[in-house]
2 protein chains.
Amino acid sequence: MLDNRSGCPINLTMEVIGDRWSLVVIRDMMFGNRRHFRELLENSMEGIASNILSARLKHLVDIGLLSRSDDPSHKQKVIYSLSESAIQLVPVMATIGAWGRRHRPATRELSIRAQLLEEGGPELWEEFMDELRVLHLGASPKSEFSVLQKLTEAFQAAAEATKSELPSSDRDKIK
Amino acid sequence: MLDNRSGCPINLTMEVIGDRWSLVVIRDMMFGNRRHFRELLENSMEGIASNILSARLKHLVDIGLLSRSDDPSHKQKVIYSLSESAIQLVPVMATIGAWGRRHRPATRELSIRAQLLEEGGPELWEEFMDELRVLHLGASPKSEFSVLQKLTEAFQAAAEATKSELPSSDRDKIK
DNA sequence: CTATCCAATTGCATTATGCAACTGGTTGTG
DNA sequence: CACAACCAGTTGCATAATGCAATTGGATAG
């Protein structure tokens with residue numbers, strides 16, 4: 001897993017997020033506010049396996065993108081949090097999402113978040129990062145508007161709209 | 001290799017560039033203007049193996065990020081070109097480079113390009129993308145300034161500066 | 001006391017990556 | 001024309017990563 005093949009920033013970043021799962025896990029924590037192992041496992045759109053998730057989380061903690069702490073409300077629960085480094089991946093997420101939306105067969109309802117992030121631009125990203133700092137690093141809130149909430153609402157509204165486009169009777173026909 | 005685990009733009013992008021080599025190969029073509037198999041193989045900072053490079057190029061051509069054509073000057077030579085989709089990865093490269101420069105142990109001389117791209121911002125990226133369209137897609141030149149040249153010069157100057165910091169006698173001691 | 005929840009781990013199969021050597025052919029040089 | 005260098009890969013083999021299904025050793029809720 002560990003490399004350090006060269007000191008090039010692009011290479012070094014790919015050594016960290018250059019696999020099929022790391023960014024997807026961080027995406028779910030970032031935009032879906034998943035903080036527990038189970039949440040990440042069972043709500044994973046892509047269906048990550050538990051051993052892969054386990055290895056991925058361990059690695060992300062090791063390299064300082066996540067931190068792992070006990071949940072005071074439950075002795076067995078573990079809370080994963082984004083580090084400042086991971087929070088600063090927001091522009092990367094936005095840029096990658098914008099690219100994927102244009103150049104890959106992205107679903108419309110799943111693209112709505114990418115679209116809002118792209119349209120919002122760097123100012124929105126900064127606002128969102130501040131919100132993540134409140135949620136994950138215990139920072140004190142700066143603004144009252146919730147970008148996370150806006151993104152989530154738009155995402156769910158799009159999901160609803162898609163549902164009505166394709167009635168349940170039709171959807172049932174799809175195995 | 002082929003997945004399509006979900007229609008999420010971020011996931012779909014990671015299914016394309018989410019491996020250790022794809023972005024590094026595209027980086028060398030983009031910033032180092034490497035167009036032939038040998039150039040990519042022998043000038044690779046990270047030391048890619050020929051079978052990996054071969055598989056990677058094949059895959060990138062398959063998914064439409066590169067095109068492959070015969071070199072008219074040499075019957076055995078093959079020219080690889082960036083497609084419009086790949087050229088539009090410039091903002092992704094810039095954002096990823098900026099992140100790596102801050103959050104990973106990047107070498108200073110290898111960071112100079114990432115730094116210039118970051119400081120130049122979206123306007124510089126657009127200019128650079130236009131230059132890539134000239135080089136890779138046969139577009140007609142729009143501007144006389146060469147961002148590629150600027151980036152290359154800065155990169156080589158930084159490499160020279162590093163050389164003088166560490167004289168050859170000292171460098172030789174390092175096995 | 002028991003069913004459910006929790007964060008993983010285990011065993012096993014399939015893929016991907018990595019290394020070194022090699023292939024079949026083309027081109028430039030003497 | 002002979003020969004070395006160059007060209008884009010391929011082959012065989014070892015190691016590492018990923019994926020699937022079942023299971024573990026607890027903790028908690030009813």
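All of these numbers come straight from a predicted model, not from anything done at the bench.
Counting to the nearest Å, the P atom of D:dA17 and the CE atom of A:Met14 are 16 Å from each other. As rounded to whole Å, 17 Å separates atom P of C:dC5 from atom CG of A:Leu40. Here D:dG9 presents its C1' atom at 14 Å from CG of B:Asp70, a figure rounded to the nearest Å. Counting to the nearest Å, the C1' atom of C:dT17 and the NE2 atom of B:His59 are 15 Å from each other. One interatomic measurement links the two molecules: CZ of A:Arg34 to C1' of C:dA7, which rounds to 17 Å at whole-angstrom precision. Here the P atom of nucleotide D:dC7 and the CG atom of B:Leu53 are 14 Å apart, to the nearest Å. For A:Phe37 and C:dA7, the CZ to P distance is 8 Å, given to the nearest whole Å. The interatomic distance linking B:Leu41 (CG) with C:dA20 (C1') rounds to 13 Å, in whole Å.
Across the interface with DNA chain C, nearest-nucleotide mapping of A:Glu42 and A:Ala55 shows A:Glu42 to be the residue nearer the 5′ end.
Residue A:Arg35 places no side-chain N or O under 4.0 Å from the OP1 or OP2 atom of C:dA7. OP1 or OP2 of C:dA7 has not a single side-chain nitrogen or oxygen of A:Ser54 nearer than 4.0 Å. Under 4.0 angstrom from either OP1 or OP2 of C:dA7 there lies at least one side-chain N or O belonging to A:His36. The phosphate of C:dA8 has neither OP1 nor OP2 within less than 4.0 Å of any side-chain N or O from A:Arg56.
Side-chain contact between A:Asp28 and A:Met45 is absent, with no heavy-atom pair separated by less than 4.5 Å. A heavy-atom distance below 4.5 Å is found between the side chains of A:Arg104 and A:Trp99. The side-chain heavy atoms of A:Phe37 and A:Leu53, taken from C-beta on, include a pair separated by under 4.5 Å.
In this structure, CG in B:Leu60 is found 11.5 Å from OG in B:Ser85, a value given to the nearest 0.5 Å.
By the 4.0 Å N-to-carboxylate-O rule, B:Asp71 lies too far from B:Arg35 to be salt-bridged with it.
There is a path of hydrophobic side-chain contacts, each under 4.5 Å, that joins A:Leu135 to A:Val61.
Checked by atom type, the side-chain pair A:Glu160/A:Gln156 shows no donor-acceptor distance below 3.5 Å.
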Item to complete: For nucleotides 19-24 of chain D, just jot down a letter per nucleotide in 5' to 3' order: B, S or -, based on protein non-hydrogen atoms under 4.0 Å.
Response: BB-B--
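Of all heavy-atom pairs between A:Glu15 and A:Ser6, the closest is OE2-N, 4.2 Å.
A heavy-atom distance below 4.0 Å to DNA chain C is reached by these residues of residues 72-80 of chain B, ordered by number: B:His74, B:Lys75, B:Gln76.
With hydrogens and angles disregarded, no donor-acceptor distance shorter than 3.5 Å links the side chain of B:Ser111 to the backbone of B:Arg101.
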